[in-house]
Amino acid sequence: MTLVETVAVAIWTMLPAYVPNNAAVLLGGGQPIDDGRTLDDARILGDGKTWRGALAGTLAGVALALVLNAIAPAVGTATGLALPTFPPIAVLALPLGAILGDMLASFLKRRTGRSRGAAFPGLDQLDFLVGALALTALTVTDWFTATFTLGVLATIVLVTPLLHVTTNVVAYRAGLKSEPW
Ligand code: CTP
Ligand code: MG
């Protein structure tokens, strides 16, 4: 794989995992998933993790994966790049894993005394990535190992924090998010 192809495959493949958290910010709100319940005097997840955000985020990622599958042949022909298509389980595992990873991060933030919206550098940028990759590796192992070569994984780890920081700063400046992380 050329460098251009590696970067293209990395971004293409992770798009269904990048979109869910942004869709959750735009469309989330309402009933918190933990229903206000606490564990050792701190909320289990907090008011920032809602059913509507989790569902809308997952559905947005699924919809994007289906669109990418539909356009992959045409984009591949136009650019000369060998772009992967998502098997059905990956269509769900990438966005759902991203949402679950973000929830796990909030769980850890609450356990370490951080209130809603507090920054946890590193975790805030990589939680959804680890969740998406882990759930995909567990559920579609063959496709995962064939698609996520070492070069693709390295590109994802380098590019993701940059993309995440940029989109969050944009969402913050646009007044969609109360903190820039
Ligand atoms: N959101 C949601 N449901 C989710 C994830 C996010 O409704 N499953 C919405 C919430 O309105 C949340 C906003 O997106 O406040 C920003 O998401 P995030 O930064 O992940 O949450 P925080 O409010 O910062 O809370 P935490 O400290 O738990 O990360
Ligand atoms: Mg936050």
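When a ligand or atom number is given, it counts from 1 through the structure's own listing order.
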Test: R111 cationic atom under 6.0 Å from F107 six-membered ring centre, within 45° of axis:
yes
Could you check whether any heavy atom of G46 sits closer than 4.0 Å to an atom of ligand 1, since that is the contact criterion I want to use?
no
Candidate with minimal heavy-atom separation from atom 15 (O) of ligand 1, of M103, R116, K49, R52
R116
Result of checking R43, R110, R116 against D34 for salt bridge (Lys or Arg N to Asp or Glu O under 4.0 Å):
R43
When distances are taken from atom 1 (N) of ligand 1, the protein heavy atom at minimum range is G48 O, 3.1 Å
Within a distance under 4.0 Å of any heavy atom of G28, pick out the atoms of ligand 1 and give their elements.
7 (O)
So if I count the atoms of ligand 1 from 1 in the order they appear, which ones are less than 4.0 Å from some heavy atom of G29?
7 (O)
Salt bridge (charged side-chain N to carboxylate O under 4.0 Å, His left out) evaluation trace for D102 with K49:
CA-CA 9 Å; D102 177 59; K49 304 297 118 149; 2.8 Å; yes
Check ligand 1 against G53 and write out every atom of the ligand that is under 4.0 Å from a heavy-atom position of the residue.
2 (C), 3 (N), 7 (O)
Any idea which part of R110 is under 4.0 Å from ligand 1, heavy-atom wise: side chain, backbone, both or neither?
side chain
Quick one: nearest non-hydrogen protein atom to atom 13 (C) of ligand 1, plus distance?
V25 CG2, 4.1 Å
Record the part of D102 in heavy-atom contact with ligand 1 below 4.0 Å; permitted values are side chain, backbone, both and neither.
side chain
Kindly give the heavy-atom pair with the smallest separation between P95 and T58, and that separation in Å.
CB-O, 3.7 Å
Among T85, V152, V75, side chain to side chain contact (heavy atoms under 4.5 Å, CB included) partner for W12
V75
Please could you name the atoms of ligand 1 that K177 approaches to less than 4.0 Å, counting only its heavy atoms?
19 (O)
A student comparing N21, T50, L108 should find that the heavy atom closest to atom 3 (N) of ligand 1 comes from T50
